[in-house]
2 protein chains.
Amino acid sequence: MKFSTKGRYGLRAMVDLAVHSQGEQVSLYSISERQGISMNYLEQVFAMLKKAGLVKSIKGAQGGYILSANPADIKIGSILRVLEGTLSVIDERGEVTSGNQTSVRYCIQVNVWDRMNAALNEFVDSLTLEDLADNYRKINGIGETMYYI
Amino acid sequence: MKFSTKGRYGLRAMVDLAVHSQGEQVSLYSISERQGISMNYLEQVFAMLKKAGLVKSIKGAQGGYILSANPADIKIGSILRVLEGTLSVIDERGEVTSGNQTSVRYCIQVNVWDRMNAALNEFVDSLTLEDLADNYRKINGIGETMYYI
DNA sequence: ATAAAACATAGCGGAATAGTTGGGATAAGG
DNA sequence: CCTTATCCCAACTATTCCGCTATGTTTTAT
């Protein structure tokens, strides 16, 4: 019932990126320093994020990563699903749907697991990277326009 | 992000017990047969449920388990918390609350994890064993009064 | 050329999962 | 009484997953 470090670190890194990239790429090293996350491990996380198209990379010296889209268009759910797989409180599903629908198992699937999954996914899809970045800036007293002065 | 077999099997077993116990104890063997779950493994699950006071046991031949309370008074959340531990999408909590509240980490804790945890727990605490047992009986065309004829 | 970065992949130690095994203790029924 | 059904308890094991670390290779700005 827990998210792994992939999802937790990855989400932190994405918020960090949203906050610190002013339209420019940000090096993994700087994210790893600010967030206290191992560089090597972050590389693995970003390989997944890149493959999924959530970030773009710029190679070579002074390279780094940058968000592929506007933070307002990146759902937290998209990030978590890339790093954690389908967000579901249980693995199996096929068995029970194709099986008999009169079992206790099916009853629980429909009334408990399916509804929990729906609640989880609706929530994480209702939040965007911008929501989190804005909240972070608010707490830290950083006005959004400050970057453009 | 998944429930383990403890929680899944345990919940099924509890619904089975609610459905098949007409105020009488039910043997683990019969539950294990109906649900297709290893008897020995179920014993471990019921040891936890008993320790938590959700079921009572009757020893000896013709013994078995029986719910400690009315199904309407047993929340699904209580069962799952006994078998899975605190229902939370991440382990840590102390660190980040005692730490600096200006971190990205704290921002995510408050806006994502805490709210997910709240949603999950509210849901499982809004459902009772009776809800599931009733739904099961409805699907299987078994009127509740049938047992008293 | 050099250094800074992304990119790729392999391996590894520890913990958790999902059981199995093997034996008790207890009580009902014959 | 004695057998049998049942709960009870503890330890053992096989497998998988997690959370990294390590070691490179490739690309590019300076």
Side-chain angles (χ1 to χ4, degrees), chain A residues 1-13 17 20-21 24-33 35-68 83-86 89-92, chain B residues 1-13 17 20-21 24-68 80 83-86 88-92 95:
Chain A
M1 258 315 282
K2 313 285 182 206
F3 282 107
S4 71
T5 50
K6 285 258 163 67
R8 292 188 280 119
Y9 291 177
L11 184 51
R12 270 164 69 193
L17 184 49
H20 291 96
S21 151
E24 299 246 306
Q25 69 270 28
V26 175
S27 75
L28 268 199
Y29 175 77
S30 69
I31 297 179
S32 112
E33 284 290 296
Q35 299 302 322
I37 298 169
S38 142
M39 189 52 196
N40 275 320
Y41 197 54
L42 259 192
E43 284 180 338
Q44 295 177 37
V45 171
F46 272 78
M48 301 173 81
L49 294 170
K50 193 198 169 184
K51 198 177 162 200
L54 291 177
V55 297
K56 282 183 287 197
S57 68
I58 291 155
K59 279 188 170 184
Q62 319 316 320
Y65 288 93
I66 190 167
L67 295 176
S68 289
L83 299 172
E84 298 281 334
T86 307
V89 294
I90 60 160
D91 328 87
E92 353 136 352
Chain B
M1 258 317 283
K2 313 285 183 207
F3 281 108
S4 72
T5 49
K6 285 258 164 65
R8 293 188 280 119
Y9 291 177
L11 184 51
R12 271 164 67 193
L17 183 50
H20 291 97
S21 151
E24 299 246 307
Q25 68 270 26
V26 175
S27 75
L28 269 199
Y29 175 77
S30 70
I31 297 178
S32 111
E33 284 290 296
R34 279 188 297 267
Q35 298 302 322
I37 299 170
S38 143
M39 171 81 180
N40 280 317
Y41 196 54
L42 259 192
E43 284 181 339
Q44 292 180 40
V45 172
F46 271 79
M48 301 173 80
L49 294 171
K50 193 197 168 186
K51 199 178 162 199
L54 291 178
V55 297
K56 281 184 289 198
S57 68
I58 292 155
K59 282 186 172 182
Q62 320 318 319
Y65 288 93
I66 190 166
L67 295 177
S68 289
L80 292 177
L83 300 171
E84 298 282 333
T86 307
S88 166
V89 294
I90 61 160
D91 327 87
E92 352 136 354
E95 318 172 29

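The figures that follow rest on heavy atoms only: side chains count, while hydrogens, waters and symmetry mates do not. First the proteins, then the strands, lettered A, B, ... as listed; each starts at 1.
- Under a 3.5 Å cut-off, the side chain of A:Arg8 and the backbone N or O of B:Ile90 do not form any donor-acceptor pair.
- Of all heavy-atom pairs spanning A:Gly10 and A:Val45, the tightest one is CA-CG1, 3.7 Å.
- Looking only at side-chain heavy atoms (C-beta outward), B:Met1 and B:Val89 come within less than 4.5 Å of each other.
- Nearest heavy-atom pair, A:Lys6 versus A:Glu84, reported as atom, atom and distance to 0.1 Å: C-OE2, 4.1 Å.
- Across residues 51-63 of chain A, A:Ser57, A:Ile58, A:Lys59, A:Gly60, A:Ala61, A:Gln62, A:Gly63 each have a non-hydrogen atom less than 4.0 Å from an atom of DNA chain C (numbered order).
- Among residues two or more places apart in sequence or in another chain, the side-chain hydrogen bond (donor to acceptor under 3.5 Å, both in side chains) test is passed with B:Tyr41 by B:Thr5.
- Contacts of B:Tyr65 with the nucleic acid, taken as non-hydrogen atoms under 4.0 Å apart, involve only primed sugar atoms and P, OP1 or OP2.
- Think of the region where chain B sits on DNA chain C: with heavy atoms and a 4.0 Å cut, that region ends 5' and 3' at C:dA18 to C:dA28.
- For residues 29-45 of chain B, the set of pairs meeting the salt bridge (charged side-chain N to carboxylate O under 4.0 Å, His left out) definition, not counting sequence neighbours, comprises B:Asp16-B:Arg34.
- For B:Ser38, there are no side-chain hydrogen bond (donor to acceptor under 3.5 Å, both in side chains) partners at least two apart in sequence or on another chain.
- Within the structure, side-chain hydrogen bond (donor to acceptor under 3.5 Å, both in side chains) contacts touching residues 46-66 of chain A (residues at least two apart or in different chains) are A:Lys50-A:Ser57.
- Scored by the side-chain hydrogen bond (donor to acceptor under 3.5 Å, both in side chains) test, B:Ser21 finds no partners at all (sequence neighbours excluded).
- Here chain A contacts DNA chain D (any atom closer than 4.0 Å to a heavy atom, that is under 4.0 Å), and the contacts span D:dG19 to D:dA29 from 5' to 3'.
- For A:Ser68, there are no side-chain hydrogen bond (donor to acceptor under 3.5 Å, both in side chains) partners two or more places apart in sequence or in a different chain.
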